[in-house]
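First comes the structure, then the notes that go with it.
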Number of protein chains: 2
Amino acid sequence: MEKRGLASLKMLPNMNEHIKLMLNEKIVLVGSEFDGKPFIKAMLVSRRESDNIFYFDSNNGSNRVAHWRENPAACVYFYDKPAYRGVMLTGTMEIINDLETKKKHWRSSMKAIYSGGVTDPDYCILKFLATSGRHYFMFQSEDFKV
Amino acid sequence: MEKRGLASLKMLPNMNEHIKLMLNEKIVLVGSEFDGKPFIKAMLVSRRESDNIFYFDSNNGSNRVAHWRENPAACVYFYDKPAYRGVMLTGTMEIINDLETKKKHWRSSMKAIYSGGVTDPDYCILKFLATSGRHYFMFQSEDFKV
């Protein structure tokens with residue numbers, strides 16, 4: 001177990017195939033910080049642009065968006081329960097309220113959640129940009145490059 | 001969706017039966033804060049004392065324990081993926097290194113993880129004490145008393 005802290009001192013490996021597969025998970029756990037406290041919420045990935053850019057549909061009036069407005073630090077945790085394997089990406093969350101971007105992301109089924117449609121003032125898009133990663137498997141963990 | 005922020009202004013409900021059932025989950029997502037950033041990790045609940053006290057086996061040399069040594073703020077997220085239901089308890093994480101407590105928690109199968117046995121200097125116990133709760137279900141969320 002003493003090896004755990006040394007991963008950052010050696011050359012970091014790139015994402016391996018196990019990790020890349022896990023990034024396909026649609027429901028992820030998203031972390032925010034507010035007032036020195038950590039918060040977690042399950043969220044649905046609405047779109048994945050690359051291995052380090054993920055989008056979520058969210059609400060301007062929500063607690064979580066209020067957290068990221070104060071502090072954009074964020075993490076996204078991908079979790080394969082049967083395999084007891086986890087991948088945490090850390091980075092920043094950007095709150096997007098640009099109408100052109102919203103129109104690109106909008107799907108008609110979203111009307112059930114945002115009654116005002118694509119111009120609903122509560123509708124916002126969250127863009128997560130990962131800058132580092134950590135892989136957890138069988139009581140071991142290792143940082144990797146994103 | 002505008003109702004979301006008002007839950008804290010009215011009398012908080014107690015835990016309902018759905019929430020109590022979810023607290024039986026053995027694998028949970030645990031949140032810590034370090035250097036203004038949120039971190040998430042899946043952890044196995046080793047023992048549950050009540051609806052607001054949960055124990056985990058951990059390592060004195062781990063990143064997570066280093067976070068809680070600096071800042072005991074913690075959250076534990078219980079997640080029922082098929083039901084898209086989540087429960088977040090927020091509170092504090094205490095790091096326990098008292099040998100008597102360790103002996104009470106120790107099981108022989110743990111030797112595979114802590115090679116030095118119950119006196120392994122890397123072995124520690126984490127005690128999470130929840131002070132508040134939030135319940136997420138079908139795009140709605142509500143605080144509750146713990």
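Proteins get letters first, then strands, A, B, ... in listed order; numbering begins at 1 in each. Reckoned from all heavy atoms, side chains included, excluding hydrogens, waters and symmetry mates.
Atom-to-atom distance recorded for B:N63:CG and A:M88:CE is 8.0 Å, nearest 0.5 angstrom. Between A:S141 atom OG and B:R64 atom CZ the span is 8.0 Å, to the nearest 0.5 Å.
B:T90 touches chain A through its side chain: at least one heavy atom from C-beta onward sits under 4.5 Å away, while N, CA, C and O do not. Both the backbone and the side chain of B:F39 have a heavy atom closer than 4.5 Å to some heavy atom of chain A. Contacts between B:A42 and chain A at a heavy-atom distance below 4.5 Å involve backbone atoms as well as side-chain atoms. Residue B:M43 touches chain A through its backbone alone, counting heavy-atom pairs closer than 4.5 Å. For chain A, no part of B:V76 is nearby; none of its heavy atoms comes within less than 4.5 Å.
A continuous path of ILVMFWY side-chain contacts below 4.5 Å connects A:V45 to A:V146, so both sit in one hydrophobic cluster. No path of Ile, Leu, Val, Met, Phe, Trp and Tyr side chains, each step under 4.5 Å between heavy atoms, connects B:L21 with B:M15, placing them in separate hydrophobic clusters. Transitive grouping of hydrophobic side chains (ILVMFWY, heavy atoms separated by less than 4.5 Å) brings B:I96 and B:I113 into a common cluster. Cluster annotation: A:F144 and A:M22 are assigned to the same hydrophobic cluster (Ile/Leu/Val/Met/Phe/Trp/Tyr, side-chain heavy-atom contacts under 4.5 Å, transitive). Clustering ILVMFWY residues whenever any of their side-chain heavy atoms sit less than 4.5 angstrom apart, transitively, puts B:W68 in the very cluster that holds B:F54.
Of all heavy-atom pairs between A:I40 and B:C75, the closest is CG1-SG, 3.6 Å. Closest non-hydrogen pair, B:Y77 versus A:K41, comes out as CE1-CA, 3.6 Å. Closest heavy-atom contact between A:G36 and B:A73: O-CB, 3.6 Å. Nearest heavy atom pair, residue B:P38 against residue A:A74, reads CG-CA, 3.8 Å.
Residues B:Y84 and A:I27 meet the side-chain proximity criterion, which asks for heavy atoms closer than 4.5 Å.
Within a 6.0 Å sphere centred on NZ of A:K37, heavy atoms belonging to other residues, nucleotides or ligands number 12 at most. Atom NZ of B:K104 is surrounded by 12 or fewer heavy atoms from other residues, nucleotides or ligands within 6.0 Å. The neighbour count for A:E70 CD, taken as heavy atoms of other residues, nucleotides or ligands under 6.0 Å away, does not exceed 12.
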